[in-house]
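Chain letters run A, B, ... following the sequence lines, proteins first and then strands; every chain starts at 1.
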Amino acid sequence: MASSSTTSSLKTLSSFSLKASNFHPTATILPFTTSYSSSSLSKTLKLNITTSPHYSSVPKRSFTLRSQAQSSSDSVKVQELSVYEINERDRGSPAYLRLSQKSVNSLGDLVPFSNKLYTGCLQKRVGITAGICVLIQNKSEKKGDRYEAIYSFYFGDYGHISVQGSYLTYEDTYLAVTGGSGIFEGAYGQVKLHQIIFPFKLFYTFYLKGIKDLPQELLSKPVDPSPSVEPTPDAKACHPHAVISGFTD
Amino acid sequence: MASSSYALRTIPASSIRPANTSSRSIFTAPPTKSSLLPFTSSSNTSITRSLKLNSTLPHSFYFTSVPKKSFSCKSQAESSEAAERVQELSVYEINERDRGSPIYLRLSQKTVNSLGDLVPFTNKLYTGDLQKRIGITAGICILIQNKAEKGGDRYEAIYSFYFGDYGHIAVQGPYLTYEDTYLAVTGGSGIFEGVSGQVKLHQIVYPFKILYTFYLKGIKDLPKELIVETVEPNPSVQASDAAKNLEPHATIPSFTD
């Protein structure tokens with residue numbers, strides 16, 4: 001999602017493009033796949049610590065009490081949702097606004113962007129992403145940048161999911177799910193951003209809470225991320241059977 | 001909220017009236033925006049909702065031990081499924097052209113609206129009956145794409161609604177200049193602390209008059225002052241003279257300005 005127009009970023013691109021395996025985080029951020037077990041509740045509370053605190057009051061945390069009471073009907077269910085974000089270079093995105101007016105990426109640069117979104121199985125076009133990356137700092141020792149990203153994922157008639165958090169061009173991150181509309185109304189949780197090829201192919205795994213069961217259409221088995229992943233030709237061409245209803249364009 | 005080169009257009013008021021429905025309506029078919037119905041019946045709050053953590057929480061929530069709260073144990077025993085109370089709140093956003101808003105930053109440097117253009121804005125906010133000045137909206141619209149075939153644009157909008165001493169509500173989502181949309185309620189402060197839900201944006205006169213209907217969850221009962229009979233949206237709506245003149249009885253406490 002960052003600049004792809006300067007020579008320095010092209011070098012960055014070549015050094016990243018084939019090292020997909022290096023994007024697996026070595027830090028202790030672990031995805032959880034179990035949905036219902038009460039032992040996962042403490043994990044479901046682990047939030048990416050990049051945003052500044054807003055709250056002075058503490059929300060109630062009785063769900064732990066619930067789990068201790070062995071109640072099953074109201075466990076905080078986590079639903080996983082995978083999608084691919086692919087920049088097919090036909091949306092004029094990204095738009096690197098070098099407002100810092102410096103030769104190296106600096107605080108002040110803004111990068112609005114919008115890419116295409118496909119189901120995790122890459123068989124259906126879902127919609128688009130749309131939002132902005134705020135360049136925070138250039139991490140030359142990591143050969144990349146830190147951005148603060150604020151954007152939304154559009155799922156056609158289903159609605160949208162809004163996120164906010166850190167985007168590091170050199171490693172995977174978790175962003176906060178701040179809300180949603182439609183079937184995602186009331187959604188909260190986090191989403192793992194896994195970069196396959198900077199900045200053209202990204203694989204997201206949402207860990208969503210607070211919403212009803214997701215439609216099967218969105219829950220097909222995801223294709224394993226690799227540099228060569230591509231949506232099916234029918235999905236790219238938006239053929240009727242290869243899109244979701246009202247897919248966002 | 002867009003470039004001033006757009007002439008004033010009257011958007012026909014889409015008369016999507018929310019109907020009462022079971023609070024457990026499951027979307028069995030992909031819902032269109034018109035089928036999104038607000039919940040007006042109140043029911044036991046579920047623990048899931050009372051525990052909704054806004055994802056922008058500080059790291060202090062990464063905890064290992066958790067204090068116990070017995071009230072939610074009680075309500076948990078009463079509630080059967082997640083059926084949470086939704087409160088509706090309607091407000092009018094009106095651009096009276098006296099706040100220097102919007103500011104169309106044509107950073108794409110293209111002649112047609114393009115990705116890269118940014119539109120910071122701030123307008124006035126009134127109660128649904130247009131009798132009291134509440135505060136302001138404030139935020140930014142990011143131009144995503146120009147939809148020439150629809151005669152308008154898609155923006156990603158990130159902004160807040162300020163309710164004076166009551167607090168504020170933050171939202172994020174799509175703003176399409178040619179049709180109604182639903183934005184996500186991402187959080188709030190004051191009486192809106194811990195809020196979740198969505199808000200319907202209904203454009204009356206682009207880009208000067210907008211009617212919002214919030215569907216809010218996770219907060220206490222809203223003050224009566226804000227729950228009023230909403231004036232039907234039509235192109236000629238405007239705030240009462242008293243509200244425009246900020247007469248004391250026609251504003252909420254410490255309305256935001």
**Student:** If you look at every heavy atom in A/A95 and B/G116, which pair is closest and at what distance?
**Tutor:** CB-CA, 3.9 Å

**Student:** Heavy-atom pairs under 4.5 Å with chain B are the metric here; pick the option from A/P215, A/A130, A/S114 that has the most.
**Tutor:** A/A130

**Student:** I'd like to check B/L107 versus A/L99 (side-chain heavy atoms, cut-off strictly below 4.5 Å). Are they in contact?
**Tutor:** yes

**Student:** Taking side chain as everything from C-beta outward and backbone as N, CA, C, O, which of these in A/I244 sits under 4.5 Å from a heavy atom of chain B? Side chain, backbone, both or neither.
**Tutor:** neither

**Student:** Quick check for you: to the nearest 0.5 Å, what is the distance between B/L201 atom CG and A/S181 atom OG?
**Tutor:** 12.0 Å

**Student:** Counting only heavy atoms closer than 4.5 Å, note whether A/I150 contacts chain B via side chain, backbone, both or neither.
**Tutor:** both

**Student:** Heavy-atom distance under 4.5 Å to chain A: side chain of B/Q172, backbone, both or neither?
**Tutor:** both

**Student:** Please examine the side chains of A/Y154 and B/P174, heavy atoms only from C-beta on, and report whether any two atoms are closer than 4.5 Å.
**Tutor:** yes

**Student:** Of the listed residues (A/L110, A/V163, A/D249), which shares the most heavy-atom pairs with chain B below a 4.5 Å separation?
**Tutor:** A/D249

**Student:** So A/P112 and B/L143, do their side chains get closer than 4.5 Å, heavy atoms only?
**Tutor:** no

**Student:** If you count every heavy atom of other residues, nucleotides or ligands that lies below 6.0 Å from A/Q101 atom CD, does the total exceed 12?
**Tutor:** no

**Student:** How far apart are the closest heavy atoms of B/L115 and A/R91, and which atoms are they?
**Tutor:** CD2-O, 4.1 Å

**Student:** Is it the side chain or the backbone of A/I128 that comes within 4.5 Å of chain B heavy atoms, both, or neither?
**Tutor:** side chain

**Student:** Considering non-hydrogen atoms only, spot the tightest contact between B/A184 and A/G179 and give its length.
**Tutor:** CB-C, 3.5 Å

**Student:** Hey, is the main chain of A/G186 close enough, under 3.5 Å, to the side chain of B/Q198 for a donor-acceptor pair?
**Tutor:** no

